[in-house]
Amino acid sequence: MFDASRAGAALRAIRERRPLIHAITNTVVQNFTANGLLALGASPVMADAPEEAGEVAGKADALLINLGTLSDRTLRAMEEALRAANAAGVPAVLDPVGVGATAFRTEAVERLLSAGRFAVIRGNVAEVANLIGRPLPIKGVDAEAVPTAVAVAVARAAAERFETVVAATGPEDFVTDGRRTLIVANGDPLMARVTGSGCLLGAVVAAFAAVEQEAFRAAADALVAFGVAGEIARERLAALGPVRSGRYGIALLDALDGLDEGALAARARVREAEEMAAEGGGSA
Amino acid sequence: MFDASRAGAALRAIRERRPLIHAITNTVVQNFTANGLLALGASPVMADAPEEAGEVAGKADALLINLGTLSDRTLRAMEEALRAANAAGVPAVLDPVGVGATAFRTEAVERLLSAGRFAVIRGNVAEVANLIGRPLPIKGVDAEAVPTAVAVAVARAAAERFETVVAATGPEDFVTDGRRTLIVANGDPLMARVTGSGCLLGAVVAAFAAVEQEAFRAAADALVAFGVAGEIARERLAALGPVRSGRYGIALLDALDGLDEGALAARARVREAEEMAAEGGGSA
Amino acid sequence: MFDASRAGAALRAIRERRPLIHAITNTVVQNFTANGLLALGASPVMADAPEEAGEVAGKADALLINLGTLSDRTLRAMEEALRAANAAGVPAVLDPVGVGATAFRTEAVERLLSAGRFAVIRGNVAEVANLIGRPLPIKGVDAEAVPTAVAVAVARAAAERFETVVAATGPEDFVTDGRRTLIVANGDPLMARVTGSGCLLGAVVAAFAAVEQEAFRAAADALVAFGVAGEIARERLAALGPVRSGRYGIALLDALDGLDEGALAARARVREAEEMAAEGGGSA
């Protein structure tokens, strides 16, 4: 189900077409997200006013809605943008940051899920679990370690419930449409120490969704591309000295900029969830 | 019309006087703008509430208004700040990000241009063209490649219409007051891959306008200083390995910090637009 | 009154417990603050909507309120968060950025000081002076050089007035509860050239307050830890070439990430204010 040459072709398409990604995302990570999209080859636009969000989203190649620093104002912008994206056939990605942590946030996600359709929902496992009313321990915006089998079951249930693709991240990442499930073992633990790396992944999913027909494939390709960039970032730094979180954030952008098809083909670590079951639980 | 020793003296004045630059700018680039102003030697203040924007602008040495992530709230702050700046004789710079892309944005620019006077308008060529109702292709916030002669004509028309100085950026940069036009060939293509580099240029223009009497000169000096910093940033990185966009953004701040008068004198590439016509179209 | 082994134990506690720091801070520095907290070992959450700020603060391990880009909306969130933090016994830190610069800002601080209690107030000397109605020269958000004896007197008066601990920063930093006063000589001048370094210090104070019972000790330990990180950042860069402000900001995050108890013990430069008087004025 994962084909590295297809992922490479999608990466090439992003660089050739420079898709316009409308990212309504939180103020903590706007800069990092925009730089990450530019490094990947896409064109970010981050208008977040209700007065124009629909007009911008309708002309974009993909829409990202990230709930990080949600406000009443940006929630209205998100609804406008989602409706316009749906009407124009623009794929939309939801990153339900912190859903379940507060009533405001949970209600906002419900409003968005009622207002329109998302091609992909990207969240950590705890957030995905909250989406379907099965809360796991959550602390801040980080998911606690969750057994792989539980994580996969939660992601599948969410995909079925919302008739979408779910890309759930944790020690291992998963993508599922409820029937097919791929497990992506790429990435690096230090990514969790750079604020907005998960949010940037949501934007990377949107960029792949802008150039690929099928959301399931776009999400899988994005997980691999982002995870591989995270691995390359560590290796480059490790050759120079201790790997610290400040320089790692910059190196992650550099790795997205330098990412090529060869690296995707050589480094992708993807398996189907069924294989995992046969292996007895799939600790990576 | 361009005098490198004058530009050097202005840079020195910024470092000695540390002018207070009130930047009402978008949330994507606030951090990068503030760090860029500090690196240059200026003092940023970024208050964007309508309740205090006028009070802050009236005490500042220059005002930057950037429309990136415009909202109803910040638009009111911009109007208050512009009126106070005009009343106090504080030079104001407008960066009409995305004008023409949405009705909200276009109306906001019209409101601002009616509310007061700007010493300099800085935008990419597509934005400047939209200001005068001659739309060019625009994608996201990046201007597509436009012939130099068209770009110059657009910038001159905008300067005449709004009785201001226009600093238009693209593959080459231009500054014009409608009569005089300078073309600045400094800079580096990678600057367009760092989010907020154009927005930071608007802030650099404001910093030079804070210490120079004449807006035309301030804009030209700022274009040269910023472009030279972009060139130095590339050279420093190229000596160490591949030049990637993440580290380039940091190197650009470093180059502003280390910029000196000697570099401006040695590297400035400025010519008058008339010479360009004689050369037959001015590809750089 | 300062014990390096205690400070080291607090640092270790932050890394083991990963306290959740609710930071309602300005949009200029949210990213840098979040990355700084992650580098130190804490977990940031930056929800700033009035609809949820109380719910978030009540579950946090410490609360930071920073007035940088204050708005009517975030002011309401700050009040909600402060009340919830006080009710839940969560220590709160106030960073009154720019108090005294505008009426809006001054009134906002008065509202917050009436609405609840702060364990620590962190500001530069000019801001602390404005808190008690004794304005000093202030330019932008930077305090001008102020004699050490004046700075200490101002900080003590503020601590007494508001029955809190005051951590005042400048060429030297001070922490006082009105009776005891420690002077911390750690740090580096370049920290003032990185936007948000003072704001990040406020967050670091909150992180130490999350794991230490006594606010006075937490503030002193935070000042030492942050100052030592600033020194290490310079040394690492100086070994590689010129020390510039862009790379220094990243190096500061790296130094927080790599900070250990040994560095705190070896580098802490803390003395009691009384000693300073005997030395005749305490220029560092």
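Chain letters run A, B, ... following the sequence lines, proteins first, then strands; residues in each count from 1.
- Of the two parts of B:R73, only the side chain, counted from C-beta on, holds a non-hydrogen atom closer than 4.5 Å to a non-hydrogen atom of chain C.
- In this structure, C:I250 and B:I250 have side chains that are in contact, with non-hydrogen atoms separated by less than 4.5 Å.
- Proximity to chain B (any heavy atom under 4.5 Å) is shown, for C:R105, by both the backbone and the side chain.
- C:T102 and B:E52 are linked by a side-chain donor-acceptor pair at a separation below 3.5 angstrom, with hydrogens and angles left out of the test.
- For CZ of B:R15, the number of neighbouring non-hydrogen atoms (other residues, nucleotides, ligands) closer than 6.0 Å is greater than 12.
- Atom OG1 of residue C:T69 and atom CE of residue B:M46 lie 9.5 Å apart, to the nearest 0.5 angstrom.
- Among the candidates B:A39, B:G36, B:A47, the residue making the largest number of heavy-atom pairs closer than 4.5 Å to chain C is B:A39.
- The candidate with the highest count of non-hydrogen atom pairs below 4.5 Å against chain C, out of B:T25, B:L253, B:D254, is B:D254.
- The stretch residues 229-245 of chain C places C:V243, C:R244, C:S245 near chain B, each with some heavy atom under 4.5 Å from a heavy atom of that chain.
- For the residue pair B:D48 and C:L70, the shortest heavy atom distance occurs at OD1-O, 4.5 Å.
- Your options are B:N31, B:L37, B:V29, and the one with the most heavy-atom pairs under 4.5 Å with chain C is B:N31.
- The two residues C:R193 and B:N35 come nearest to each other via the heavy atoms O-OD1, 4.0 Å.
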